[in-house]
Amino acid sequence: MMWNVTMLLIHVAVLGALAVLWRHAPDLLQRVVLGTFIAATMVFMWAAVVSLARWDADWIEGAKKIAGAIEHIAVICYVFRLFIADQERRCLPNSSLQSRS
């Protein structure tokens with residue numbers, strides 16, 4: 001019982017942090033990643049609520065697996081976003097460099 005309360009509070013805090021990050025996201029890809037994390041977090045929060053309420057929850061384990069898969073997809077997208085940002089940083093000219101003229 002205490003574990004479900006703990007998980008619910010953690011996921012509420014994570015959802016708040018994700019909302020702040022989403023609000024200040026610099027590009028569309030990061031918003032997609034954060035939106036995917038938000039969706040997975042909401043499923044995990046709902047699972048904690050169902051567990052706390054002791055509702056008939058035969059489907060909740062399947063929902064947790066789906067949320068885990070959604071988080072996995074979000075992590076993969078985030079890695080691609082980091083890769084793209086890193087390539088842009090390396091390949092695009094830096095405006096603070098001295099020009100050769």
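Each residue takes its place number in the sequence, starting with 1.
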Could you tell me the separation between the CD atom of E88 and the CG atom of D86, rounded to the nearest 0.5 Å?
->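 It comes to 9.5 Å.
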Interatomic spacing from CG in L52 to CE in M2 - rounded to 0.5 Å =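 Those atoms lie 10.0 Å apart.
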Say whether [X] and [Y] are linked into one hydrophobic cluster, either directly or through other cluster members, by side-chain heavy-atom distances under 4.5 angstrom.
X   : Y   : value
L82 : V75 : yes
L21 : I10 : yes
V49 : V5  : yes

Could you check if a side-chain atom of L8 sits within less than 4.5 angstrom of a side-chain atom of V12, using non-hydrogen atoms only?
->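 In contact.
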Donor-acceptor pairs under 3.5 Å, side chain of residues 28-46 to any protein atom, not counting sequence neighbours: which ones?
unit_1 : atom_1 : unit_2 : atom_2 : d
Q30    : OE1    : R81    : NE     : 3.1
Q30    : OE1    : R81    : NH2    : 2.9
T36    : OG1    : V32    : O      : 2.7
T41    : OG1    : F37    : O      : 2.8

Members sharing I73's hydrophobic cluster (side chains within less than 4.5 Å) |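 Traced through the cluster, I73 reaches no other member.
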